[in-house]
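Accompanying notes for the structure given below.
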Number of protein chains: 2
Amino acid sequence: MTTASTGAPRWLTDEEQHTWRAYLHATTLLEDHLDRQLQRDAGMPHTYYGLLVQLSQAPRRRMRMTELARNAKITRSRLSHAIARLERNGWVRREDCPSDKRGQNAVLTDDGHAMLSRSAPGHVEAVRQAMFDRLTPEQVKSLGEIMKALATGLEPEGANADLPWLR
Amino acid sequence: MTTASTGAPRWLTDEEQHTWRAYLHATTLLEDHLDRQLQRDAGMPHTYYGLLVQLSQAPRRRMRMTELARNAKITRSRLSHAIARLERNGWVRREDCPSDKRGQNAVLTDDGHAMLSRSAPGHVEAVRQAMFDRLTPEQVKSLGEIMKALATGLEPEGANADLPWLR
DNA sequence: TCTATCTAGTTCAACTTTCAAGAAAAGGTC
DNA sequence: GACCTTTTCTTGAAAGTTGAACTAGATAGA
C-alpha cells in the first residue's frame with residue numbers, strides 16, 4: 001500500500017550506488033561517533049541529549065510530550081521511556097499540564113540545564129571536527145540543501161500521509 | 001583524551017547550524033523510513049538486511065565474522081547476536097573456518113538468498129523514492145563526495161586510531 | 001445527557017544494541 | 001616447550017527501541 005512495486009525494478013546507477021554506500025557508511029560512523037562521545041562525556045545517548053537541547057530552547061524550558069516527540073522525530077512511546085530515564089537522572093521533571101488534564105509537560109531542571117552547559121562545548125567541538133572541519137563552505141551549503149530536500153520528502157505531511165504523523 | 005576542550009568553544013555559524021539540524025532531521029527520518037519498510041516487507045531491520053546483502057556479494061556467499069562486522073561497521077558482539085537471529089530465521093548458517101579453528105564463516109543460505117531476491121526490488125524502490133528521485137544528478141554527485149569526506153575523517157585508521165578498529 | 005470517537009500519554013512484551021567479561025586458538029619470544 | 005600477548009568469537013545482563021494494547025480525558029453529535 002505504501003510503495004506499489006509495479007513493473008521492472010528501477011535499479012541504481014553506478015553513481016547512485018556509490019553515493020548510497022557512502023551515505024550509509026558515513027552516517028553510521030558519525031552516529032556511532034557522536035553517540036560514544038556523548039555517552040562518555042554526558043552519560044547519555046545522542047537522542048536524549050537532543051531532547052534536553054530542545055527543552056532548553058523551548059519558552060519556559062518545558063514542552064508538551066507530543067510536541068517534543070514530534071520535534072525530535074521519535075515516537076511517543078520512545079519519548080516516555082526517555083523522559084523516565086532523564087527524570088531518574090534529575091535532568092528533567094514531569095509536570096501536569098494545566099489546560100489539559102491528559103497532558104504532561106517535560107521540564108528541564110536546573111541540574112539538567114547545568115549538565116547541558118557543561119557538555120555543550122565538547123559536543124559542538126565533536127560535531128565541528130567530524131563534519132565542518134572536513135567540508136568546504138560550498139559543501140556545507142550544498143549538504144544543507146540536500147538534507148532539506150530529503151527531509152521534505154519524508155515528512156509526514158504531503159504525499160505520504162497515511163500515518164498519524166509518524167508511523 | 002579524544003577531544004581536548006581547550007580554549008573558547010568554536011560555536012557553529014548560522015549556516016552550519018542550519019545544515020546540522022537538517023542533517024540530523026533527514027538522516028533520522030530516512031533511517032526510520034527504511035527500517036520500517038524492511039521490517040514490513042522483509043521482516044528484519046535495516047542492519048540485518050545489510051548483512052545479507054554483504055554476504056550475497058561475497059565470493060562463495062560467505063564471509064568471516066570479523067570481516068563482515070568491519071564491512072558493516074558494527075561490533076563483533078552485535079554481529080554475533082544478529083547472525084544468531086538470522087540463523088534462527090534460516091537465512092544464514094554458521095560454518096567453521098578450515099584454516100583458523102577460532103574462526104567462523106557466516107554463510108547465506110538458499111532461503112536467505114531467495115528472501116533477498118524477493119525483497120530487493122522493493123527496497124531499491126524505497127531508496128530511490130526517498131533519495132534519488134528528490135535530488136539532481138549534481139546533488140547526487142556532491143552528496144557522494146561529501147559523505148566520502150566525512151567517512152574518511154571517522155574511519156578507524158588515520159588520526160583517531162586509539163580504537164581497536166571500532167570503539 | 002449519553003454515546004461514540006479521538007487524543008495524550010503510559011505500559012508491557014518482544015526485540016535490538018551495548019558493554020564488560022570470558023573461552024579458545026594463534027602467534028610470538030625466550 | 002613454556003609464557004605472554006593478541007585475535008576471534010560468544011555470552012549475559014543492562015539499556016534502549018518498537019508496536020500494540022490500554023487508561024483517562026477531551027470532543028462532537030444525537
Side-chain angles (χ1 to χ4, degrees), chain A residues 28 31-40 42-51 62-89 92 94-107 163-167, chain B residues 28 31-40 42-51 62-89 92-107 156 163-167:
Chain A
T28 303
E31 165 101 36
D32 285 6
H33 180 68
L34 293 183
D35 247 342
R36 254 181 256 114
Q37 185 268 319
L38 281 171
Q39 193 68 57
R40 176 165 47 75
M44 62 188 135
H46 195 192
T47 314
Y48 290 21
Y49 183 86
L51 295 176
R62 69 199 61 210
M63 209 181 284
R64 283 290 293 273
M65 295 293 277
T66 295
E67 196 194 344
L68 183 49
R70 177 167 20 232
N71 282 1
K73 268 96 194 136
I74 64 177
T75 60
R76 296 202 284 292
S77 169
R78 187 172 171 184
L79 181 62
S80 276
H81 291 296
I83 293 296
R85 197 272 221 187
L86 292 172
E87 207 169 16
R88 255 177 270 129
N89 283 300
V92 168
R94 273 179 233 243
E95 207 174 59
D96 290 345
C97 174
S99 56
D100 187 334
K101 283 177 187 166
R102 295 166 303 179
Q104 291 280 105
N105 276 308
V107 187
L163 357 158
W165 60 266
L166 176 66
R167 150 166 331 96
Chain B
T28 305
E31 166 100 33
D32 285 6
H33 180 67
L34 292 183
D35 246 343
R36 254 179 259 113
Q37 185 267 318
L38 282 170
Q39 193 67 57
R40 176 165 46 75
M44 63 188 134
H46 196 191
T47 314
Y48 291 22
Y49 182 85
L51 296 176
R62 70 199 61 210
M63 211 181 283
R64 283 290 294 272
M65 295 292 277
T66 293
E67 196 194 344
L68 184 49
R70 175 165 23 232
N71 283 0
K73 269 95 194 136
I74 64 178
T75 60
R76 295 204 283 294
S77 168
R78 187 172 170 183
L79 181 63
S80 275
H81 289 297
I83 292 295
R85 197 272 221 188
L86 292 171
E87 206 169 18
R88 257 177 269 129
N89 282 299
V92 168
R93 168 168 48 84
R94 274 180 233 246
E95 208 173 58
D96 290 347
C97 174
S99 55
D100 186 336
K101 281 175 189 167
R102 297 166 303 179
Q104 291 280 106
N105 277 307
V107 187
L163 357 159
W165 61 266
L166 177 65
R167 148 162 334 94

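The chains referred to below are lettered A, B, ... by the order of the sequence lines, with proteins before strands, and numbering in each begins at 1.
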N/O-N/O pairs, protein side and nucleotides 14-17 of chain C side, under 3.5 Å:
unit_1: C:dT16; atom_1: OP1; unit_2: B:Arg85; atom_2: NE; d: 2.9
unit_1: C:dT16; atom_1: OP1; unit_2: B:Arg85; atom_2: NH2; d: 2.9
unit_1: C:dT17; atom_1: OP1; unit_2: B:Arg78; atom_2: NH2; d: 2.7
unit_1: C:dT17; atom_1: OP2; unit_2: B:Tyr48; atom_2: OH; d: 3.2
unit_1: C:dT17; atom_1: O5'; unit_2: B:Arg78; atom_2: NE; d: 3.4

(request) Whole angstrom is fine here: how far is it from CE in A:Met63 over to P in C:dG9? (result) 12 Å

(request) Can you tell me the distance, in whole Å, between the CG atom of A:Asp96 and the P atom of D:dA26? (result) 12 Å

(message) With nearest nucleotide decided by heavy atoms, which residue, B:Asp35 or B:Ser77, maps closer to the 5′ end of DNA chain D?
(response) B:Ser77

(message) So which atom in A:Ala106 and which in A:Val92 form the shortest heavy-atom distance, rounded to 0.1 Å?
(response) CB-CG1, 4.2 Å

(message) Which is more 5' along DNA chain C, the nucleotide nearest B:Ser99 or the one nearest A:Gly103? Just name the residue.
(response) A:Gly103

Between side-chain atoms of residues 77-86 of chain B and protein atoms elsewhere (two or more places apart, or another chain), which donor-acceptor pairs fall under 3.5 Å?
unit_1: B:Arg78; atom_1: NH2; unit_2: B:Thr47; atom_2: OG1; d: 3.3
unit_1: B:Arg85; atom_1: NH1; unit_2: B:Gly43; atom_2: O; d: 3.4
unit_1: B:Arg85; atom_1: NH2; unit_2: B:Gly43; atom_2: O; d: 3.1

(message) Output the rounded distance in Å from CZ (B:Arg70) to C1' (D:dC9).
(response) 14 Å

(message) Among residues at least two apart in sequence or on other chains, which ones pass side chain to side chain donor-acceptor pair (under 3.5 Å) with B:Glu67?
(response) none

(message) Under the rule for side chain to side chain donor-acceptor pair (under 3.5 Å), what residues qualify as partners of B:Asn89, not counting sequence neighbours?
(response) none

(request) State which residues pass side chain to side chain donor-acceptor pair (under 3.5 Å) with B:Arg62; sequence neighbours excluded, sorted by chain then number. (result) B:Glu95

(request) Specify the separation, in whole Å, of atom CD1 of A:Ile83 and atom P of D:dG16. (result) 13 Å

(request) Find the distance A:His46:NE2 to D:dG16:C1' and express it as a whole number of Å. (result) 16 Å

(request) Could you tell me the separation between the CG atom of B:Leu79 and the P atom of D:dT7, rounded to a whole number of Å? (result) 18 Å

(message) According to side chain to side chain contact (heavy atoms under 4.5 Å, CB included), who are the partners of A:Ala42, at least two apart in sequence or on a separate chain?
(response) A:Leu38, A:Met44, A:Met115, A:Ser119

Output one line per pair: protein atom, nucleotide atom from nucleotides 2-7 of chain C, and distance, for all N/O pairs under 3.5 Å.
unit_1: C:dT7; atom_1: O2; unit_2: A:Arg102; atom_2: NH1; d: 2.6

(request) Could you list the residues that satisfy side chain to side chain contact (heavy atoms under 4.5 Å, CB included) with A:Gln104, not counting sequence neighbours? (result) A:Met65, A:Arg94, A:Asp96

(request) Check whether any side-chain nitrogen or oxygen of A:Arg64 sits under 4.0 Å from OP1 or OP2 of C:dG9, and answer yes or no. (result) yes

